[in-house]
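A quick write-up on the structure given underneath.
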Amino acid sequence: MKIITFLSDFGTKNSYVSQMKGAAVGITNARLIDITHEITPHNIREGAYALRSAAPYFPQGTVHVAVVDPGVGTGRRGILITTSKQILIGPDNGILMPTAHFLGDFIVYEISNEKYMLNSISSTFHGRDIFTPVAAHITNGVPFEEIGNRLTDFVDLDFGQGEIRENAATGTVIYVDRFGNIITNLTREILSNVLVYNKNIMVFIGEKCLEMPFVKSYGYVKKRDMLATIGSSNLLEISINQGNAAKKLSVKEDDKLEILFS
Amino acid sequence: MKIITFLSDFGTKNSYVSQMKGAAVGITNARLIDITHEITPHNIREGAYALRSAAPYFPQGTVHVAVVDPGVGTGRRGILITTSKQILIGPDNGILMPTAHFLGDFIVYEISNEKYMLNSISSTFHGRDIFTPVAAHITNGVPFEEIGNRLTDFVDLDFGQGEIRENAATGTVIYVDRFGNIITNLTREILSNVLVYNKNIMVFIGEKCLEMPFVKSYGYVKKRDMLATIGSSNLLEISINQGNAAKKLSVKEDDKLEILFS
Amino acid sequence: MKIITFLSDFGTKNSYVSQMKGAAVGITNARLIDITHEITPHNIREGAYALRSAAPYFPQGTVHVAVVDPGVGTGRRGILITTSKQILIGPDNGILMPTAHFLGDFIVYEISNEKYMLNSISSTFHGRDIFTPVAAHITNGVPFEEIGNRLTDFVDLDFGQGEIRENAATGTVIYVDRFGNIITNLTREILSNVLVYNKNIMVFIGEKCLEMPFVKSYGYVKKRDMLATIGSSNLLEISINQGNAAKKLSVKEDDKLEILFS
């Protein structure tokens with residue numbers, strides 16, 4: 001089973017994504033699956049979160065190509081990352097790193113062997129000319145070492161996993177979605193022993209201290225009420241049922257939060 | 001030939017749809033085809049119409065997964081429906097029913113066997129954790145009876161087919177599209193003996209009575225003129241050429257209409 | 001390796017694209033790849049440019065179905081075009097022609113053999129009922145001559161390739177993208193001997209004469225500065241870094257331009 005996924009900020013109004021797929025199908029018979037192409041242009045953190053959300057649901061051996069690449073055409077490098085489960089390919093700007101940290105046991109290679117790139121490489125579209133052809137060759141069994149040398153000074157981006165101390169947890173806001181839901185780096189696993197459904201918790205965030213219930217889903221609180229829940233990415237989220245929590249609390253990405261359990 | 005289609009209100013800006021596909025490709029080598037993921041959030045009727053429009057063009061044995069699911073996380077059940085031609089999987093809220101009525105000879109099963117779900121089931125994403133894995137296992141030949149018991153008290157939604165009496169037809173508005181075209185439940189088949197191209201008909205709808213031509217396509221009337229036509233879903237539509245018919249006639253879904261043929 | 005691509009102005013909020021794919025998978029096991037479905041409605045030129053941009057990256061034998069079709073339901077013909085490399089299918093309104101000129105050695109056939117269409121043909125959806133089934137049968141090896149007779153009076157649309165005279169080039173604006181970038185018909189090949197990176201050129205366009213650098217990518221000029229570059233489609237583009245060049249220069253499609261090299 002060969003699978004390549006694609007994630008980018010190219011949008012879907014142009015033919016760019018199809019150019020990547022055209023390059024892929026000329027090399028491999030792998031299945032091609034889109035993650036999303038509507039990442040906010042140049043928003044590496046948003047792209048990193050989307051990849052981190054999707055990767056756990058793909059099988060062993062899946063090759064992910066992620067292209068949010070404000071530095072294309074400058075000196076930034078392209079990298080291939082192997083992990084214990086899947087392979088990640090894209091620019092060396094951090095977009096791949098939260099997924100690499102999550103999947104674990106990762107090794108970073110610089111993409112340098114031109115043998116596995118398109119013949120004519122444009123300055124502005126490495127997704128099509130470099131990353132996709134490399135991904136396609138990898139699904140055909142080309143050894144990682146053929147792609148380039150190992151790198152240790154890659155650009156890192158780590159969402160972390162938060163920390164638990166007795167009846168408190170500290171974490172970070174990794175992403176605010178377009179509905180204003182505040183997604184934290186506190187995982188279901190780390191919280192499993194301290195959180196109890198339908199009990200209230202205290203949340204210190206954005207210079208405010210709020211009491212809210214921890215519930216299974218939005219439906220358990222009234223409209224406009226605040227809630228904490230484990231979202232579909234297995235991360236703790238702070239939300240307002242049919243409202244915008246990030247706006248109300250003036251919270252943005254990278255803000256810290258602390259939670260007290262009763 | 002194994003085929004799974006996906007329909008939802010998840011949008012395409014996040015990674016949710018790809019999470020469903022990741023779950024699918026881990027189980028089956030079926031072809032994965034999107035119907036649409038831009039159903040207006042929580043609009044079951046719109047989703048039901050889109051599925052009903054698309055299903056007739058797919059081959060025997062296709063498995064459709066449709067997830068417009070405002071009740072997720074509450075007690076609503078998941079169902080699998082077999083018909084004489086295709087298989088439908090989704091929440092028990094009516095979204096599958098117009099297609100089931102159209103395809104005919106349907107049997108409804110409750111989805112209850114956890115053996116065919118993902119190991120870790122979130123409260124908020126049954127599309128990924130339950131419906132898609134079940135669909136994937138079905139394409140691998142798992143018998144329907146393995147999924148759960150037969151249900152008879154499912155939530156029904158039937159667009160009906162209208163009624164013909166001599167030189168009149170009565171029907172219902174099943175959907176208003178984003179251009180304001182009024183799509184009725186009157187099928188090409190039921191009208192084939194009474195409608196004649198380029199002849200005028202009288203339409204009683206929204207407390208108005210209007211005369212308009214029945215034509216092959218929009219191009220047969222002048223700009224801003226009203227027309228009746230059989231749309232690409234083989235249903236009678238009332239439209240204004242380059243205008244918004246629903247707005248002009250104050251017509252909404254579920255409204256009745258009557259047509260007189262001369 | 002069988003591949004069918006799809007390009008249209010149908011949007012992605014309805015089920016139309018999936019109806020085409022449903023028709024395809026009932027006939028062929030070819031891989032199905034979307035180019036884009038968000039061409040501005042009825043904009044044949046924009047569709048033609050998108051197809052021309054994507055086709056070069058697809059393998060020999062790929063069948064492209066392009067449906068921007070304001071004339072559907074009238075007498076306009078459907079055509080199949082063979083080239084030395086790929087096959088093009090769509091309405092006879094010019095949308096396929098820039099790609100045919102680019103791929104070269106093309107022959108145009110009228111699509112007339114009903115044996116290769118769906119049984120029931122709607123007046124308004126030839127993409128599903130005619131073009132896709134024909135494309136699917138072609139991937140199964142049906143000879144081109146079986147589809148219909150050769151045509152010579154097809155509707156032509158040719159973006160041309162510009163002209164080089166000593167230290168000047170004359171060309172045409174073929175497309176303005178949604179960011180205001182001005183895409184010309186001057187190819188990388190025709191300019192390769194005269195353009196030198198990081199040297200200034202004079203551009204006569206839209207009744208203005210402007211000096212700007214020819215650079216590898218946007219990053220080489222300051223914000224709001226004008227630049228000329230070879231875009232990812234291998235065509236010369238005039239742009240403003242983070243600005244709208246077409247607006248500033250009052251340039252529109254089909255305008256002429258002249259370039260002087262120092």
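Residue numbers start from 1 in every chain, and the chains themselves are labelled A, B, ... in the order their sequence lines are given, proteins ahead of strands.
- Taking CG of Asp34(C) as the reference point, atom NZ of Lys21(A) lies at 6.5 Å (rounded to 0.5 Å).
- Annotation: the span from Lys13(A) atom NZ to Thr12(C) atom OG1 amounts to 8.0 Å, rounded to 0.5 Å.
- Within the 4.5 Å cutoff, side-chain heavy atoms of Pro59(C) are placed close to those of Val25(A).
- Rounding to the nearest 0.5 Å gives a distance of 11.5 Å between CG of Leu32(A) and CG of Leu32(C).
- By the 6.0 Å contact criterion, CG on Asn119(A) is open, its count of non-hydrogen atoms from other residues, nucleotides or ligands being 12 or less.
- Only the backbone of Arg31(A) comes within contact range of chain C, with heavy atoms under 4.5 Å apart.
- Atom CE of Met1(C) is separated from atom OG1 of Thr28(A) by 7.5 Å, given to the nearest 0.5 angstrom.
- The greatest number of non-hydrogen atom pairs below 4.5 Å with chain C, out of Ser18(A), Gly11(A), Gly26(A), is found for Ser18(A).
- There is no contact between Ile27(A) and chain C, counting heavy-atom distances below 4.5 Å.
- Residue Gln161(C) qualifies as open at atom CD: its count of foreign heavy atoms under 6.0 Å is 12 or below.
- Between Ser233(C) atom OG and Phe125(A) atom CZ the span is 9.0 Å, to the nearest 0.5 Å.
- Both the backbone and the side chain of Asn29(A) come within contact range of chain C, judged by heavy atoms closer than 4.5 Å.
- The 12-atom threshold is not exceeded at CD of Glu114(A), counting heavy atoms of other residues, nucleotides or ligands nearer than 6.0 Å.
- For Asn149(A), the CG atom counts as loosely surrounded, since its 6.0 Å shell holds 12 or fewer non-hydrogen atoms of other residues, nucleotides or ligands.
- Distance check, rounded to the nearest 0.5 Å: CD1 of Ile39(C) to CG of Asn14(A) gives 9.0 Å.
- Remark: the backbone N or O of Ser53(C) is not paired with any side-chain donor or acceptor of Ser15(A) at under 3.5 angstrom.
- Tyr57(C) is listed as a side-chain neighbour of Leu118(A), based on a closest heavy-atom distance under 4.5 Å.
- Neither the backbone nor the side chain of Tyr49(C) comes within contact range of chain A; no heavy atom of the residue lies under 4.5 Å from a heavy atom of that chain.
- Heavy atoms closer than 4.5 Å to chain C are found nowhere in Val17(A), neither backbone nor side chain.
- Applying the salt bridge (Lys or Arg N to Asp or Glu O under 4.0 Å) test to Lys2(C) and every residue at least two apart in sequence or in another chain returns nothing.
- Interface remark: Ile33(C) contributes side-chain atoms only to the contact with chain A (heavy atom separation under 4.5 Å).
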